[in-house]
Amino acid sequence: MNISSEKSVVKTYNKFSKLPLGSITARGWLKEQLLRNKDGMGGHLDELEPEMIATPFINYTSFKRLPNETTDADPTFAAGWSGEISGTYWAGLTQMAFTLGDQELIDKVTTWVDGVLKHQEPDGYLGSYSPVTNRLADYNPWSANWCYRALLSFYEATGRKDVLNAVYRGLLWFCENWKDHKTDYAAGTIMESMIITYAYTGDQRLVSFCEDFFAWLEIHSPWQNKISQYLSDKFPFASMHAVAYGEAVKHPAVVYCATGEKRLLQASVNGMKKALRHIVQTTGGASSCNEYLSPKGAVNETEYCNFSTFNHSYSWLALTTGEAHWGDEMERCLFNGAEGARKKDERAIAYFTAPNQLRAARNSGMFTPLSDMTVYAPCYFVACCPTQSIRTIPEFIRSMGLIDDNKDLYLLCYGPAEVKAPKIDFTMDTLYPFRDTITLHVTRAENAVLNIRIPAWCKAASVTVNGKVTGLVNAENGYARIDSAIAAGDTIVIRFPMEITITKVDDSDSASKFPISIERGPLVYALPVPEKWTEYPGSPITPLPEGWSWYEAMPDLGSPEPENRYVAYNQAPWARAIDENLTPDQIRVIEHDTDGYVWENPPITLEVPLYHVNNAYVYHAPKTYEFWRSPLEIDGEPTMNTLVPHGCTNLRITYLPRAAKSLT
């Protein structure tokens with residue numbers, strides 16, 4: 001989503017805007033991943049769950065009955081759930097279609113958009129709730145907003161005024177029919193579409209609706225979605241669904257774009273900084289045990305929705321504040337936790353994952369409310385996470401470039417892509433985050449000024465233009481301007497030397513084991529656990545067609561599997577501990593020739609000295625428990641072990657237990 005306007009229509013206060021959807025298209029490994037997703041979940045979820053995903057906004061369809069139930073679901077409940085899932089899917093697919101520049105997907109999305117517009121009711125209502133349902137339900141504006149996100153993205157890419165007008169009329173329906181009614185949990189998400197549409201139309205009613213909503217929440221909401229809560233120092237665990245917090249925390253900043261009220265921007269910034277301190281893991285995942293706000297920890301789980309939602313909110317804070325460090329959080333989240341929860345063929349994701357995970361199987365979750373939410377599946381019957389996963393990569397790509405009021409470009413994030421901005425066009429060729437070099441080939445430049453985010457972890461960034469070293473002028477807020485005139489045909493090489501960081505993870509709110517994580521640049525590294533995948537039918541609402549499956553992943557102990565699993569677990573390559581006084585110069589960086597897909601065949605690994613430990617993990621336990629003691633007692637001398645990027649794994653040990661040579 002974006003906040004963009006003609007300044008002659010309305011004044012907005014956001015520091016930057018994103019480039020219009022379609023201005024940044026995928027190349028390299030990013031394109032390969034999106035193409036895999038097109039052939040996998042992205043291109044087919046509407047077929048796997050047609051009533052829940054394909055047409056709720058076209059003909060009010062919804063799922064009828066949940067698995068293992070004997071009666072149909074309440075129509076209002078079903079309309080909200082199906083609307084959320086459907087709108088999320090189409091919001092992601094719309095962005096994927098234009099980020100790939102894929103005409104087949106663009107045609108598919110266009111057919112959906114045309115169907116949605118035909119379905120709009122005469123009074124302007126546009127949503128998934130049929131006339132026989134309760135349109136004052138909390139999920140009505142929540143699910144409608146997901147549909148509007150897709151439509152506004154489509155408008156941004158195509159300029160079709162009928163699409164913008166349909167969203168505008170739908171929002172005015174809520175302004176009128178919800179003016180004396182509010183709900184306290186999910187409905188406030190519609191503020192995002194309200195403010196974006198205000199920027200296009202200048203209709204103050206949309207802003208007033210949001211201001212009234214904040215005032216109502218302040219008095220009536222028991223949740224952590226009030227301005228006063230964001231501004232406070234308190235961050236109570238288990239107080240709110242983590243993904244709802246991740247969505248709602250950006251809303252004050254979004255409304256700030258229309259009002260310029262700095263207190264609103266401060267609320268979002270403070271609310272997100274609290275989350276980063278208390279719940280966001282080294283891997284970038286927001287800890288969400290039982291789906292609620294929970295502290296950091298080796299086996300504390302992240303619901304996949306949070307990877308998408310928090311990254312989206314980071315991008316909003318990047319464009320409202322103008323601060324580059326939000327790009328660091330986006331890259332951490334995407335390149336590590338979000339990739340580590342995806343099956344590499346893009347045909348399944350895990351609803352819940354953790355930094356340390358020896359199993360992704362039924363009943364292997366430590367905190368999940370349902371037994372099969374740590375398996376890998378294309379479409380759980382709670383399908384929010386699969387549909388959220390469709391938007392994760394394209395939303396990241398379209399957030400790579402931001403522009404200011406002078407139309408100057410700011411590079412927020414990095415990866416292989418083609419960028420078309422008002423004053424400059426270029427390709428960005430790179431193996432980043434696996435390499436430290438990014439090459440821009442400029443194809444057009446008109447009085448172009450190029451600003452680049454200097455990652456917080458980088459101490460010595462450098463730039464050459466056509467082979468000559470050029471200076472970097474500090475702009476502000478973590479950006480630097482390339483101090484050189486830029487012309488078509490130029491080759492700009494940006495280098496961000498990556499250093500190894502060894503961190504003692506502060507898990508004092510959960511386990512107080514203080515394990516060790518190892519990072520290099522934007523990547524977090526893990527001891528990989530080889531997987532043995534087993535297919536099974538699962539329990540989707542609609543039975544999966546041939547060629548689709550749910551999957552369990554178990555540690556592969558070799559073939560044939562050893563008879564004594566106790567011995568095998570104690571000899572396994574993941575039964576390791578680390579000297580907490582290890583220094584970065586004791587770790588070797590190994591770059592590999594690129595051979596195949598980067599998340600299956602990592603182009604970089606680390607060789608790290610680790611100690612063997614016995615009895616760190618129980619061989620017959622269904623879950624990945626915390627090691628009982630910390631530090632762990634070891635004997636012998638360390639040996640070199642290979643760590644790979646966390647995103648290249650599905651099973652792994654990312655938070656390494658600390659080692660002690662003797663314990664009393």
Test ring pair (Phe, Tyr, Trp, His ring centres under 6.0 Å) applied to Tyr125 and Trp173, Phe57, Trp178, the passing residue: Trp173
His251/Phe214 aromatic ring centres below 6.0 Å: no
Main-chain N/O of Asn406 paired with Lys423 side-chain donor or acceptor, under 3.5 Å: yes
Spacing of Tyr198 atom OH and Thr259 atom OG1 [to the nearest 0.5 Å]: 9.0 Å
Tyr414-Phe335 aromatic ring centre distance below 6.0 Å: no
Charged N-O contact under 4.0 Å between Arg398 and Glu156: yes
Pair Lys250 + Glu247: basic N to acidic O under 4.0 Å: yes
Plane angle bin for Trp142 and Tyr139 - parallel if under 30°, tilted between 30 and 60°, otherwise perpendicular: tilted
SB check Asp328 Arg453 (cutoff 4.0 Å): yes
is_close_aromatic(Phe381, Phe63), centroid dist under 6.0 Å: no
Within the 6.0 Å centroid threshold, strictly below: Phe235 and Tyr245: yes
Carboxylate-amine/guanidinium proximity below 4.0 Å for Glu104 and Lys38: yes
